[in-house]
Each structure stands twice: as structure tokens, then as C-alpha cells.
Enquirer: 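Take this structure first; my questions come after.
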Amino acid sequence: MTQLFPKPLVIACLTVVGFSITQGCKPRGAESAVSGDAASKVYVAPGKYDEFYNFVSGGFSGQMSVYGIPSGRLFRVIPVFSVDPEKGYGYSEESKPMLNTSHGFIPWDDLHHIALSTTNSEHDGRWVFGNGNNTPRIARVDLKTFRTAEIIEIPNSAGNHSSPFLTENTEYVVAGTRFSVPIGDKLDVPINTYKENFKGTVSFIGVDKTTGRMSIAFQILTPGINFDLARAGKGKSSGWFFFSCYNSEKANTLLEVNASQKDKDFIMAVNWKKAEEYAKAGKGVKKPVRYAHNVYDESTHSATSTMETEVLVLDPKDCPDMVYFMPCPKSPHGCDTDPTGEYIVGSGKLAATIPVFSFTKIQNAIAAKDYDGTFDGIPVLKYESVLHGEVQKPGLGPLHTEFDGKGNAYTSFFVSSEVVKWSVKDLKVLDRVPTYYSVGHLSIPGGPTKNPHGKYLIAYNKITKDRYLPTGPELAQSAQLYDITGEKMKLLLDFPTIGEPHYAEAIPASLIIKNSQKIYKIEENKNPNAALGDNHARVERKGNEVHVYMTSIRSHFTPDNIEGAKVGDNIYFHVTNLEQDWDVPHGFAVKGANNAELLIMPGETQTLKWVPEKAGVYPMYCTDFCSALHQEMQGYIRVSAVGSNVPISFSTGKTAPIAAATESAPVKTE
Ligand code: RUQ
Ligand code: CUA
């Protein structure tokens, strides 16, 4: 959360409604309650399913969370860019490579936007993508398992905010830089050479139709401005992409003031079909870079991280008719295309109107070379020529717009804390409702697709002040659910959220339920350290490594008594969950391990590494309440002093462990 608006707006805000300077205006009638039958509209009876899944970005928590709509019930937190001790994500040996980058292991990021995969501009329920802002990355979560399946780092980028956005058939996931940075061989330059040396990029990452696997197809080099958000064209504007950008002043300090000088910044329009042709025709230059590409393999239950070394860069100078700028007042944040693809809405957060651009007019202006000069050699289209019109006096601090599929747009206003409904065709304001408070993104089920489902609108608020029981200095961020089936929007429900939500999408539950995976089949387990039955369970020493190949099934571990480990050994517990029943994970934890637990799904193998520092006997146990005898699901590992000659031995169900004969031929127990 930063202060988004300069003094003049704040003063306007103060005089209009009177509220705090840094937190936006508190709308009048903040105490106004929900009306009539709101409770029955959000009530999902015990044992019944919600109609929609809501995938919500976690902001600085680095994860995604999944709620039911209309109930607002939280179902799952999916770790993406942040380690999650609850699930062992980023702690197990198998999942650690997911968080590898060209800067090494990075256990955190800032996830702002999510994008549900589409086919023909409609949700297909296969994947959800998310961006890492801080160390530029894009993740793909598989909606069969609700787990992060892949993370790709974006080179030549910083502050990967304008990301991820998808083309109509998920051909590409697209990412724009928020921070421009020095690119190429000259990286160590004075900061005040920003104007000469700093550049932006937008990256087009190809997505394999069948597997979803990502690979960077090309990047487009751009002037050193800040890309904020983006949307693909669809329908009429198929083949194009639109990016909002601010800091056309190219300031490198005190952007609050220096990047708010000009009346208009830009929306950048990219003909990506043309860019694709240029890339294929060899118009790009391959630049040496380093970026990590991490893939989780569902059969080995393990991630691998590969360092890539090259990226194809297209320079608009060598690629005519590929990139255009459209002036957009003032410091635009959201950039949203309507369901038909004809209209592009720019939300200038410091502007007094909302400009709506027409794709038809953009094409005519390009054909007629109706330019207003150039910006860094890239043609700037004339504002009046590409404008469909402006929504007059909509509110203060417009940020994001969603659509209901009935010709209406809904824009969030951070400063005036409200959602405003307006008609896309004639640009008339139709309705407004307060939010509590300082709303950022909005989500309508199917909102960014060509056929939104309408019905509900969810507002994600940054500040909640007096809405919930106080919890010390930090309060929950929140979502608010509105009914949008009628002419007037109606508030139905508040629900607190995990992390700070930015963008979110909602999708009919039916599109996801049918694919949801229940178990990993044990016969398909290709983890090289799996023990595919109690009779394969064993302990082996290899130098200073001790490998425990362990199985878990209700309600015991095999082996559960282990001796012969020594202080300073690298002990690897490879735990295979032999269950083949839905919703029966086992957990695994050892006293003193400076690690998290493992949470192992049915049929899966996961590994916990531990380097004991003191001799003694250490209990280990299952952390997930799996049966009536869960509390009995425990064992011991004995750790002896460095020079000790206690042999490796292990067992389950014997009063004393059975010694291994030699290091190379360990004894098996039944
Ligand atoms: S942003 S609250 Cu990071 Cu999408 Cu507008
Ligand atoms: Cu297994 Cu509790």
C-alpha cells in the first residue's frame, strides 16, 4: 500500500467528504448495512457446494488463496512463491528447486495478479497463472491438484507487475516490467543515466497446449517507462495486446511527484501476431541472459530447476507496425478490454475521467497514420482519433474495471472508496456503491472473458479499519461481495482474506470439480527414493549420508525404530505415503530438525533433510490427524556421537532394531 495520489486530489477528497489523507475517503453512510435478504443469498447450507471458486492473489504473502462464492469460505491456500511450512513447500528436498532463481533460492515474492487459462476467450479450468513482482517470475498452478506446477523467471525485467495476462487461447502468458532497468552488457551505470540506459521489456511466454509448459518465445524492448497492467485483445481486437504505462517522464527519483508531471501517459498497443511473425522471420536478436525454469514432475513428485541462457529480443526499430502508443490521462493503472474486444478502458488513477478507446478507431488511425509525433521512435496515435469517449465525473482514483456481459462496466475507485457501474456504449454512470475501504481490484465471475457470468461482483479492499474485531496494528484485508443481478448493486457480505489481495478471478465450480485429482497412483510413483511397500522400507548409509526409505500407512511408519545415525550426518527421510484413499495425507516431523514438516499426499514420496547436532534419541511423528490411532503414529531415531560404532539398524514391531550386516548390504526387516 502506497500513497497513490498527489495533494490536489487529496484536498479535493478532503473537501468532498472529509477523511484521512493517506487512506482515501470514507464514504458517507459507512454504517449503512446490507438490506433485506442478503444473508439468504450468501448462505450455502452445510454439506452443499458453492457455485464459484474464487482464486485470489495474496499480494506480499506470495501465495494464492481459494474461496467459495457466494459463501466467502476459505478452502485452500496455494503456496506459489513463498515457502509454506504447513505443506512443506520449499522445505522438502523435492520442492526446493521450485524456488530457485538466477539469484539462488528465493523463498518469497509478491503475487499481485492471477489469470485463469482460457480457450477461445472462455475459462477452461486447466491452470491458473500468477506473477512474482520482486524477482520477476511467472508461476503456473495445475487446477487438477491445486499445486504449483511450474515457475519461470523473466530476464531483462524488474518489478514484474504488468503480469500475467493471457491471450485468447492461452497461446502466450504475457509479462511487462514495472521498473525499467539497464539491459544488456552495461549493467553497472549511474542511476541518473536513466534516460539513456534504462529500458523496459514485455515478454511473451509460450504455453504448450497440452502440458501447459512455458517457454519464453520473445521479448519486445521498450522505452524506459513503467508498465502497470495489461490485457489481451479478444474478439474484434484478437491478435493485439494493450499495456498501461506511467512514468513517461522517465523519472528515476521521487516518482510520486516526478512521474506525475505530464497530463497524459500511455497505453501501449502491441500487434502480437505481427511480433510473432517477426520473431519467426529472424528479426530478433538472441541476447545472453540467465534465468531459472523450474518444473514439478507429477510422476517423480520432484521439481527440477534448469538455468536458461538466451532470450530472443525484438526491437520495435527493426519491426515496423508492431508497437503504438495511445495517450491516456493520467498515470493509468488498470487497462481492461470489454467482452467484445472493441473497447479498451484506461483507468488514469490521477485523472478526472475514464477514457474508453475504440479498437476500430485505433485501426483507422493506424491506417491513416493519424499520429501525434513519436515517443522514442514509436508512433503515438492521436488521442481524439482513437477515443470512443470519456466517462465524466466517475469518482476519484479509478483503478480497475470488470464487465458483466450485459454491456456494463464496473470500475473501482481507491480514493473515493466506491464501485461505479457505467454503460460501455454510452458512457453514462448508472450506479455507485461504497466499499469499506479503499478498493483495489474487482472480480466478476468470468469478468475478463468474452462471456462473463455476471451475478456477483467482489471488491478487494486495502483498508478495513472498523469493519472487523481489532487485531493489533495490522487488520485483515477484505473482500466484499455484491449482488449485480439488478439495476442497483447490493452489498451482501464481507469476508476477510489471507495476505493482501490484488487481482482475483472467479470461475464456475463445475469447470474445476470434474478434473480434481484425488490421489497419486502408487504404481505410477517414479520418485527414485520411493519405497513402494513396507517390504521396501530400509535405511542405508552412504558415507556421511543416511537415507531412510520410509513408508506411512494408517497408523504406523516403517521403520519406526532407527539406530546408527551420527551427529553431523546428512539424514534424508524419504517418506512414501502408501494410502490410496482421498483426503488421507500423512505428515512427518522430527524433533530438533531445523526444517518444516512434510505433508505427503496419498501415493506420493517427499523427503526431509536433517543434520542432527546432538547425540540422543529423537521422536518423530505424523502431524496430520489421519485415524483414531494417529497419536500412535510415531517412532524414534537414535543419534550417536561422531566416533561411535553403533551400526545402522531399523525395524517396526520389534522390541529392538535389527542390525544391518554391512554398510553396503543393509538388513531388511518385514
Ligand atoms: S495492482 S490494486 Cu498490483 Cu493490480 Cu491495482
Ligand atoms: Cu498419519 Cu496421523
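This chain uses plain numbering: 1 for the first residue, then up along the sequence.
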Enquirer: Tell me every residue that passes side-chain hydrogen bond (donor to acceptor under 3.5 Å, both in side chains) with Ser385, counting only those two or more places apart in sequence or in another chain.
Expert: Asp370
Enquirer: Extract all donor-acceptor atom pairs below 3.5 Å that involve side chains of residues 145-154 and protein atoms in other chains or at least two apart in sequence.
Expert:
residue, atom, partner, partner atom, Å
Thr145, OG1, Arg147, N, 3.4
Arg147, NH1, Tyr520, OH, 3.1
Arg147, NH1, Glu604, OE2, 2.6
Arg147, NH2, Glu604, OE1, 3.3
Arg147, NH2, Glu604, OE2, 3.2
Thr148, OG1, Pro79, O, 2.8
Glu150, OE1, Arg140, NE, 3.0
Glu150, OE1, Arg140, NH2, 2.9
Glu150, OE1, Met214, N, 3.2
Glu150, OE2, Met214, N, 2.8
Glu150, OE2, His293, NE2, 2.6
Glu153, OE1, Ser102, N, 2.7
Glu153, OE1, Ser102, OG, 3.4
Glu153, OE1, Ala292, N, 2.9
Glu153, OE2, Ser102, OG, 2.7

Enquirer: Val174 versus Phe243: any side-chain heavy-atom pair under 4.5 Å?
Expert: yes
Enquirer: Kindly check if the number of other-residue, nucleotide or ligand heavy atoms within 6.0 Å of CG (Asp208) is above 12?
Expert: yes
Enquirer: With Phe266 as reference, evaluate Phe242, Phe375, Phe227, Phe357 under the ring-ring contact (aromatic ring centres under 6.0 Å, His included) test and give the passing residue.
Expert: Phe375
Enquirer: Please collect all side chain to side chain donor-acceptor pair (under 3.5 Å) contacts where either partner lies in residues 357-368, sequence neighbours excluded, each pair once.
Expert: Glu342-Ser358, Glu342-Thr360
Enquirer: Quick one: does Asn247's side chain have a donor or acceptor within less than 3.5 Å of a partner on Ala259's backbone?
Expert: no
Enquirer: Could you check if a side-chain atom of Ser331 sits within less than 4.5 angstrom of a side-chain atom of Leu350, using non-hydrogen atoms only?
Expert: yes
Enquirer: Out of the candidates Asn134, Thr101, Val80, Asn131, only one should pair with Asp109 under the side-chain contact (heavy atoms from CB on, under 4.5 Å) rule; please name it.
Expert: Asn134
Enquirer: Can you tell me if Ser92 uses its side chain to pair, donor with acceptor, with the backbone of Ser95 under 3.5 Å?
Expert: yes
Enquirer: Tell me, do Leu143 and Val128 make a side-chain contact under 4.5 Å, heavy atoms counted?
Expert: yes
Enquirer: Could you check Glu500 against His502 for side-chain hydrogen bond (donor to acceptor under 3.5 Å, both in side chains), going step by step and ending with a plain yes or no?
Expert: CA-CA 7 Å; Glu500 185 188 59; His502 290 250; 3.0 Å; yes
Enquirer: Please assess Thr411 against Thr401 for the test side-chain hydrogen bond (donor to acceptor under 3.5 Å, both in side chains), listing each intermediate value before the final yes or no.
Expert: CA-CA 4 Å; Thr411 301; Thr401 301; 2.8 Å; yes
Enquirer: Go through the structure and list residues passing salt bridge (charged side-chain N to carboxylate O under 4.0 Å, His left out) with Asp84, not counting sequence neighbours.
Expert: Lys87
Enquirer: Within the distance-only criterion (no hydrogens, no angle test), does the side chain of Thr177 pair as donor or acceptor with the backbone N or O of Thr201 below 3.5 angstrom?
Expert: yes
Enquirer: Within the structure provided, determine whether Val295 and Arg213 are in side-chain contact (heavy-atom separation under 4.5 Å).
Expert: yes
Enquirer: Regarding Tyr296 and Glu94, is there a side-chain donor-to-acceptor distance under 3.5 Å anywhere?
Expert: no
Enquirer: Any ion pair linking Arg231 and Asp336 (charged N to carboxylate O, less than 4.0 Å)?
Expert: yes
Enquirer: Would you verify whether the NZ or CZ of Lys264 falls within 45 degrees of the ring axis of Tyr383 while also being under 6.0 Å from that six-membered ring's centre?
Expert: yes
Enquirer: Is there a donor-acceptor contact under 3.5 Å from the side chain of Ser238 to the main chain of Lys234?
Expert: no
Enquirer: With sequence neighbours excluded, tell me which residues meet side-chain hydrogen bond (donor to acceptor under 3.5 Å, both in side chains) with Tyr89.
Expert: none
Enquirer: Could you list the residues that satisfy salt bridge (charged side-chain N to carboxylate O under 4.0 Å, His left out) with Lys96, not counting sequence neighbours?
Expert: Glu93
Enquirer: Can you name the one residue among Ser412, Cys335, Ser347 that meets side-chain contact (heavy atoms from CB on, under 4.5 Å) with His400?
Expert: Ser412
Enquirer: Measuring only between side-chain heavy atoms, which start at C-beta, is Ile220 closer than 4.5 Å to Phe204?
Expert: yes
Enquirer: Are the aromatic rings of Trp272 and Tyr172 close, with centres under 6.0 Å apart?
Expert: yes
Enquirer: Show me the donor-acceptor pairs, under 3.5 Å and distance only, between side chains in residues 155-166 and residues at least two apart or in other chains.
Expert:
residue, atom, partner, partner atom, Å
Asn156, ND2, Gln219, OE1, 3.0
Asn160, OD1, Ser163, OG, 3.2
Asn160, ND2, Gly132, O, 3.3
Asn160, ND2, Arg137, O, 3.0
Asn160, ND2, Ser163, OG, 3.2
His161, ND1, Asp228, O, 2.7
His161, ND1, Asp228, OD1, 3.1
His161, NE2, His112, ND1, 3.1
Ser162, OG, Leu229, O, 3.2

Enquirer: At their closest point, which heavy atom of Phe105 faces which heavy atom of Asn100, and how far apart are they?
Expert: N-OD1, 4.0 Å
Enquirer: Any side-chain to backbone donor/acceptor pair from Gln477 onto Asn461? Under 3.5 Å, distance only.
Expert: no
Enquirer: My understanding is that only residues two or more places apart in sequence, or in another chain, count here; which of them pass ring pair (Phe, Tyr, Trp, His ring centres under 6.0 Å) with Tyr503?
Expert: His441
Enquirer: Only counting residues at least two apart or in another chain, list the ones meeting side-chain hydrogen bond (donor to acceptor under 3.5 Å, both in side chains) with Thr304.
Expert: none
Enquirer: Would you say the side-chain atoms of Thr167 pair up with the backbone N or O of Glu171, donor to acceptor, closer than 3.5 Å?
Expert: yes
Enquirer: What is the minimum heavy-atom distance between Ile354 and Pro394, and which atoms define it?
Expert: CG1-CG, 3.7 Å
Enquirer: Among side-chain atoms of Thr118 and Ser121, is any donor-acceptor pair under 3.5 angstrom?
Expert: no
Enquirer: Output yes when a side-chain donor or acceptor of Glu168 lies under 3.5 Å from a complementary backbone atom of Gly235, and no otherwise.
Expert: yes
Enquirer: Measure from the side-chain N and O atoms of Asp110 to the backbone N and O of Phe60, and report whether any donor-acceptor pair falls under 3.5 Å.
Expert: yes
Enquirer: Side chains of Lys199 and Pro223: closer than 4.5 Å at any heavy-atom pair?
Expert: no
Enquirer: Taking all atoms of both residues into account, what is the closest heavy-atom pair of Val207 and Gly212, and its distance?
Expert: CG1-O, 3.5 Å
Enquirer: What I want to check is whether the side chains of Asn294 and Ser305 have a donor and an acceptor closer together than 3.5 Å.
Expert: yes
Enquirer: Output all residues satisfying side-chain hydrogen bond (donor to acceptor under 3.5 Å, both in side chains) with Ser117, sequence neighbours left out; order by chain, then residue number.
Expert: Asp124
Enquirer: For Lys250 and Asp376, what are the C-alpha separation, side-chain angles and deciding distance, and is it a salt bridge (charged side-chain N to carboxylate O under 4.0 Å, His left out)?
Expert: CA-CA 11 Å; Lys250 296 189 183 162; Asp376 276 20; 2.9 Å; yes
Enquirer: Donor-acceptor pairs are to be reported for all side-chain atoms of residues 315-325 against protein atoms at under 3.5 Å, with residues two or more places apart or in another chain.
Expert:
residue, atom, partner, partner atom, Å
Asp315, OD1, Lys317, N, 3.0
Asp321, OD1, Tyr324, OH, 3.2

Enquirer: Please name all residues satisfying ring pair (Phe, Tyr, Trp, His ring centres under 6.0 Å) with Tyr343, sequence neighbours left out, ordered by chain then number.
Expert: His388
Enquirer: Is the shortest heavy-atom distance from the side chain of Phe359 to the side chain of Trp240 under 4.5 Å?
Expert: yes
